[in-house]
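For reference, the structure is listed below as structure tokens.
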Amino acid sequence: MSVAKKEYKRITVKSLVDMKKHGEKIAMLTAYDFTMAKIVDGAGVDVILVGDSASNVMAGHETTLPITLDHMIYHASSVIRAINRSLVVVDLPFGSYQSDPKEALRSAIRIMKESGAHAVKLEGGKEVKDSIKRILHAGIPVMGHLGLTPQSIYKFGTYTVRAKEEQEAEKLKSDALLLEKMGCFAVVLEKVPAKLAKEVAESLTIPVIGIGAGNGVDGQVLVVHDMLGMTHEFNPRFLRRYADLHSQMTDAFESYTRDVKNRDFPSDEEQY
Ligand SMILES: Nc1nc(=O)c2c([nH]1)NC[C@@H]1CN(c3ccc(C(=O)N[C@@H](CCC(=O)O)C(=O)O)cc3)CN21
Ligand SMILES: CC(C)C(=O)C(=O)O
Ligand SMILES: [Mg+2]
């Protein structure tokens, strides 16, 4: 099951559903800029998420709430210019889809038209079903996002595991089914018990992409700066670091500073 059975020249929303059918796991990472997206795409990552986590990682905000639709379009258009193969999904930011379905559709259309992205993602289930329907009716693919939904952080107060209680778990299961029934092409499950996430993945035909949702789902997503070890103060249990860029970059910046101060850089060969 672990070996790719098919070469996908360009990933489409349909390829992802195919991958699930064939038992091929889906790899997704975030990217917010051209240079990073070029590397992520070139490495064969299936889906690039232009996440509203840019609010934290790029802009330094405490939460994802402040980032605007204009900011998301700027990030997404930079990413789109870099990619050859990956499917690019863009988060609808807080405030751009919750008020009413028409505004949700207008926001989704702006993302598609002004960035060239392939799909949008938004947080929530039943509460946002009319908005999701409206966007889908315009022919825009929608990815759902359930479990820990950071745009609702002030409702919950913490980033703890979600859906540990029976009632919340039941709501999550019915929301996941609703998203599939409406026509979403995939759903992200964030920070929920692995057993529940597996159950949801097995009950759906659309892929379930997990972050802190265990190994029983159809794919995984991480924030690229986290998995590269750049955000060394962010330490959730679900995070696996594939590089230690914080220390490598610190070493590089310290060496550069030393070389400049010592008049070692530039050398004779590095000037005209
Ligand atoms: N850098 C970054 N990585 C992310 O994965 C991410 C963002 N930013 N911003 C938007 C959301 C917020 N996400 C989060 C935020 C916190 C935890 C978390 O586990 N925080 C604490 C534990 C909190 C608690 O248990 O009360 C931790 O252990 O770091 C997980 C996902 C995921 N997203
Ligand atoms: C953590 C992922 C799923 C996300 O929504 C983001 O990066 O904004
Ligand atoms: Mg997000």
Side-chain angles (χ1 to χ4, degrees), residues 16 26-33 36-37 40 45-69 71-73 75-76 79 86-98 107-108 111 117 119-124 128 142-164 176 179 184 186-194 197 207-214 217-243 245-246:
L16 300 185
I26 297 161
M28 170 158 138
L29 285 175
T30 66
Y32 319 105
D33 67 291
M36 184 71 83
V40 173
V45 172
D46 301 307
V47 186
I48 294 182
L49 175 66
V50 182
D52 59 352
S53 50
S55 182
N56 308 97
V57 175
M58 293 282 106
H61 293 295
E62 194 73 46
T63 70
T64 57
L65 275 68
I67 199 164
T68 66
L69 188 57
H71 292 142
M72 292 304 297
I73 290 168
H75 290 298
V79 165
S86 307
L87 184 85
V88 177
V89 181
V90 182
D91 267 345
L92 279 168
F94 177 68
S96 73
Y97 62 95
Q98 291 92 342
S107 303
I111 287 178
V120 299
K121 174 163 86 56
L122 53 83
E123 297 181 7
V128 287
V142 175
M143 178 181 274
H145 182 158
L146 302 171
L148 199 173
T149 49
Q151 292 178 14
S152 310
I153 183 58
Y154 291 118
K155 174 173 161 184
F156 297 98
T158 68
Y159 289 99
T160 49
V161 181
R162 296 299 196 265
K164 281 175 93 169
L179 293 176
C184 291
V187 52
V188 164
L189 279 191
E190 178 164 352
K191 229 181 155 178
V192 298
V208 173
I209 318 270
I211 171 166
V217 291
D218 309 302
Q220 300 294 329
V221 57
L222 285 174
V223 166
V224 74
H225 296 72
D226 297 340
M227 63 85 79
L228 290 174
M230 293 172 81
T231 52
H232 71 313
E233 275 152 7
F234 184 70
N235 263 314
R237 194 213 292 216
F238 65 74
L239 175 60
R240 184 183 292 182
R241 294 211 167 90
Y242 288 85
L245 289 199
H246 182 91

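Atoms within a ligand are numbered from 1 in the order they appear, just like the ligands themselves.
Here is the list of ligand 1 atoms found below 4.0 Å of a heavy atom in P150: 11 (C), 12 (C). Counting the atoms of ligand 2 from 1 in the order shown, those under 4.0 Å from a heavy atom of G51 are 6 (C), 7 (O), 8 (O). The contact set between ligand 1 and F238, taken as ligand atoms under 4.0 Å from a residue heavy atom, comprises 30 (C), 31 (C). Close contacts of ligand 1 with V57, meaning ligand atoms under 4.0 Å from a residue heavy atom, involve 1 (N). Residue K121 approaches ligand 2 through these ligand atoms, each under 4.0 Å from one of its heavy atoms: 4 (C), 5 (O). For ligand 2, the atoms lying closer than 4.0 Å to a non-hydrogen atom of D91 are 4 (C), 5 (O), 6 (C), 8 (O). For ligand 1, the atoms lying closer than 4.0 Å to a non-hydrogen atom of T64 are 10 (C).
The Mg ion (ligand 3) does not have E123 among its coordinating residues (no N/O/S atom, backbone or side chain, under 2.8 Å).
For atom 22 (C) of ligand 1, the nearest non-hydrogen atom of the protein is K191 NZ, 3.6 Å. In terms of protein heavy-atom proximity, atom 1 (C) of ligand 2 is closest to I211 CD1, 3.8 Å. Of the protein's heavy atoms, D52 OD1, 2.8 Å lies nearest to atom 8 (O) of ligand 2. Here the heavy atom of the protein found nearest to atom 6 (C) of ligand 2 is S53 OG, 3.3 Å. The protein atom (non-hydrogen) at minimum distance from atom 1 (N) of ligand 1 is D226 OD1, 3.0 Å. Among protein heavy atoms, atom 4 (C) of ligand 2 sits closest to L49 CD2, 3.5 Å.
Any N or O atom pair closer than 3.5 Å counts here, and N56 shares at least one such pair with ligand 1. Any N or O atom pair closer than 3.5 Å counts here, and T231 shares no such pair with ligand 1.
Contact annotation: for P236 versus ligand 1, heavy atoms closer than 4.0 Å belong to both the backbone and the side chain. Counting heavy atoms closer than 4.0 Å to ligand 2, residue T30 contributes side-chain atoms (C-beta onward) but none from N, CA, C or O. Only side-chain heavy atoms of E190 come within less than 4.0 Å of ligand 1; its backbone N, CA, C and O stay farther off.
With hydrogens and angles disregarded, a donor-acceptor distance shorter than 3.5 Å links the side chain of N56 to the backbone of H61.
If you check each of T30, D91, T160 against atom 24 (C) of ligand 1, the one with the closest non-hydrogen atom is T160.
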Between T64 and F94, does a side chain to side chain contact (heavy atoms under 4.5 Å, CB included) hold up when you go through it step by step? CA-CA 7 Å; T64 57; F94 177 68; 5.8 Å; no
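Here the side chains of H145 and E123 are in contact, with some heavy-atom distance below 4.5 Å. Between M58 and H225, the closest side-chain pair of non-hydrogen atoms falls below 4.5 Å.
The one candidate from N235, T231, D226 that meets the side chain to side chain donor-acceptor pair (under 3.5 Å) condition with R241 is N235. Checked against I26 for a side-chain contact (heavy atoms from CB on, under 4.5 Å), the options L87, V47, V208 give a single hit: V47.
Contact analysis leaves H225 out of contact with ligand 1, as no non-hydrogen atom separation drops below 4.0 angstrom.
The two residues A213 and A197 have their closest heavy-atom pair at O-CB, 3.2 Å.
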